[in-house]
Amino acid sequence: MYTVDYANTRDARAAPIEDAGRLAAFEARVAADDFIEPKDWMPETYRKTLIRQISQHAHSEIVGMLPEGNWLTRAPSLRRKAILLAKIQDEAGHGLYLYAAAETLGVSREEMTEALHAGRAKYSTIFNYPTLTWADMGAIGWLVDGAAIMNQVALQRTSYGPYARAMVRICKEESFHQRQGYEAMMVLAAGTAGQRRMAQDALNRWWWPSLMMFGPPDDNSPNSAQSIRWRIKRETNDELRQRFINATVPQAEALGLTIPDPHLKWNEAAQRYDFGPIDWEEFYAVVRGEGPTAKDRIQARIDAWEDQAWVREAAMAHAAKTAAKQAA
Ligand code: BYC
């Protein structure tokens, strides 16, 4: 078993290469777009980086259920409630595929959970903001799931087989999530003046945090160079962020909503939207655990883990009884 090392892998990268021959063979396979599988030899830093990224990703899916769960009892219709419930269940499934993928690298589910609860593990900054109105459910689907897909489509070709395969399935569901969010925004944007105001207010509050989801700018992203080299990441944070903006601005225009960025402007020569400065101070504060709802999110996870201990115990007791019966 490997101890979860959430410390920045920069230190590990400086460690001596354990086996130059095996490293060269590994890098040649990665360069040839071969998938690396759990039993294959891999550099320790590759394993650690994957454990870090996949477990953070899994935690994001699980913590990401909380802001939406907040609106289940207040969905405006049975149809919306059923859609939201299905979406939240999907997020739980995504978390499970990802925890299982991380486990193939030698870390246990308990260790990952413990690291999250103790505040040693990260999860996406986006889930540290409150969901104030029903329009936030539309904005999260449209923008947050939209940003997530932009990143995850690239991860379908990540070099580690179990992570790539989990991503294929997750992307299928995520594209439904994005569309249901956009559809909810369409209804609000075409509704009463009050509903349009709600939709615009949700866009105003979720736009910048959604851009931050892609991570720090490339020149300040300590993990990117090595992760790109080993094809864990296929595209950089800034490339994906730009692609997301290019795709999303016309969607906002179709809704008749305004993106809260006075600097946003189509750049004909570069064929992209130029955009205003992102508040990286805010991003780093949220990464440090100072986001508006950070404490509540972790407490909700700890409470769920403790309240449901009996389910895990019952499942283990049942499994032990079944195994004993089979052995007899
Ligand atoms: N939030 O060197 P960098 C969803 C950290 S959930 C927090 O660029 P990397 C959904 C980063 O970890 C989808 N921390 O790192 C669920 C690193 O710190 P450490 C979530 C962030 O890993 C429910 C440091 O900053 N998606 O779809 O190369 C409902 C320096 O960054 C963030 C994923 O997790 C952040 N936003 O690149 C609705 C995708 N950004 O670890 C929707 C998988 C950066 O060195 N992950 N940090 O201490 C990735 O693709 C990459 O890990 C990232 C960051 C692009 C996020």
Side-chain angles (χ1 to χ4, degrees), residues 4-13 48-70 84 87-95 98 101-102 115 120-129 131 136-137 139-156 158 163 166-167 170-171 173-178 180-181 206 208-230 232-241 244 278 280 282-289 291 294 297:
V4 187
D5 179 7
Y6 287 97
N8 201 304
T9 48
R10 270 170 292 178
D11 297 345
R13 236 176 280 150
K48 282 186 175 168
T49 302
L50 281 168
I51 291 176
R52 177 183 64 79
Q53 179 168 326
I54 301 173
S55 64
Q56 286 177 5
H57 196 161
H59 296 325
S60 302
E61 298 283 354
I62 297 300
V63 177
M65 295 159 72
L66 297 170
E68 295 181 323
N70 188 35
L84 188 59
K87 181 178 190 291
I88 295 171
Q89 285 176 335
D90 285 352
E91 316 294 4
H94 298 175
L98 288 163
R120 281 183 286 114
K122 292 189 170 71
Y123 59 89
S124 183
T125 43
I126 194 78
F127 302 118
N128 290 310
Y129 294 86
T131 42
D136 289 10
M137 295 303 96
I140 287 182
W142 172 34
L143 301 173
V144 175
D145 287 271
I149 302 175
M150 206 48 95
N151 167 287
Q152 290 173 166
V153 163
L155 288 174
Q156 292 179 109
T158 188
Y163 192 21
M167 278 302 128
I170 289 174
C171 280
E173 293 176 350
E174 216 80 270
S175 71
F176 156 75
H177 294 177
Q178 196 271 350
Q180 69 78 34
W206 290 96
W208 293 104
S210 298
L211 299 189
M212 293 175 196
M213 276 178 78
F214 293 93
D218 292 350
D219 53 12
N220 218 357
S221 162
N223 300 297
S224 273
Q226 183 62 277
S227 287
I228 293 269
R229 190 167 135 75
W230 279 338
I232 292 173
K233 283 165 82 165
R234 304 294 306 226
E235 281 166 282
T236 71
N237 301 356
D238 285 335
E239 283 165 357
L240 291 168
R241 186 170 14 249
F244 171 74
I278 294 175
W280 292 114
E282 175 180 322
F283 169 79
Y284 288 115
V286 178
V287 170
R288 284 195 303 272
R297 297 285 185 247

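Numbering of ligands and ligand atoms starts at 1, following listing order.
- Each of the following atoms of ligand 1 lies closer than 4.0 Å to a heavy atom of Y123: 1 (N), 7 (C).
- Here the side chains of Y163 and L155 are in contact, with some heavy-atom distance below 4.5 Å.
- Here the side chains of Y129 and V286 are in contact, with some heavy-atom distance below 4.5 Å.
- Close contacts between ligand 1 and G215 involve ligand atoms 40 (N), 44 (C) [criterion: under 4.0 Å to a heavy atom].
- Nearest residue to atom 32 (C) of ligand 1 from F283, Y284, Y163 is F283 (criterion: closest heavy atom).
- With sequence neighbours left out, W280 forms a ring-ring contact (aromatic ring centres under 6.0 Å, His included) with F283.
- Of the N or O atoms in M65, none lie within a sub-3.5 Å distance of an N or O in ligand 1.
- Under 4.0 angstrom from ligand 1, the non-hydrogen atoms of K87 all belong to its side chain.
- In terms of polar-atom proximity, M213 is counted as a contact of ligand 1, with an N or O under 3.5 Å from an N or O of the ligand.
- Residue contact check for ligand 1: S227 places no non-hydrogen atom closer than 4.0 Å to it.
- The part of E174 lying near ligand 1 is the side chain, judged by heavy-atom distances below 4.0 Å.
- Side-chain contact between T131 and M137 is present, with at least one heavy-atom pair separated by less than 4.5 Å.
- In terms of polar-atom proximity, defined here as any N/O pair under 3.5 Å, N237 does make such a contact with ligand 1.
- Considering each of S221, G64, P222, A92, the one bringing a non-hydrogen atom nearest atom 30 (C) of ligand 1 is P222.
- Residue K233 has at least one heavy-atom neighbour below 4.0 Å for each of these atoms of ligand 1: 8 (O), 9 (P), 28 (O), 37 (O).
- With atom 5 (C) of ligand 1 as the reference point, the heavy atom nearest to it among K122, M212, H57 is part of K122.
- Listed by number with element, the atoms of ligand 1 under 4.0 angstrom from any heavy atom of F214 are 55 (C).
- Q53 is not listed as a side-chain neighbour of T158, based on a closest heavy-atom distance of 4.5 Å or more.
- Note: an N/O pair closer than 3.5 Å links T125 and ligand 1 by distance alone.
- Within the 4.0 Å heavy-atom criterion, the part of F127 lying near ligand 1 is the side chain and not the backbone.
- The side-chain heavy atoms of Y123 and N128, taken from C-beta on, include a pair separated by under 4.5 Å.
- A salt bridge links R241 with D238: the closest approach of a Lys/Arg side-chain nitrogen to an acidic carboxylate oxygen falls below 4.0 angstrom.
- F214 and F244 have tilted rings, their planes meeting at an angle from 30° to 60° on a 0 to 90° scale.
- The shortest N/O to N/O separation between N223 and ligand 1 falls below 3.5 Å.
- Put simply, the side chain of L240 does not reach to within 4.5 Å of the side chain of M213, judged on heavy atoms.
- Looking at ligand 1, you won't find any N or O of D145 less than 3.5 Å from one of its N or O atoms.
- The shortest N/O to N/O separation between E68 and ligand 1 does not fall below 3.5 Å.
- Residues E174 and H177 bring a donor and an acceptor atom of their side chains to less than 3.5 Å of each other.
- Using a 4.5 Å cut-off on side-chain heavy atoms (C-beta onward), P209 and T125 make no contact.
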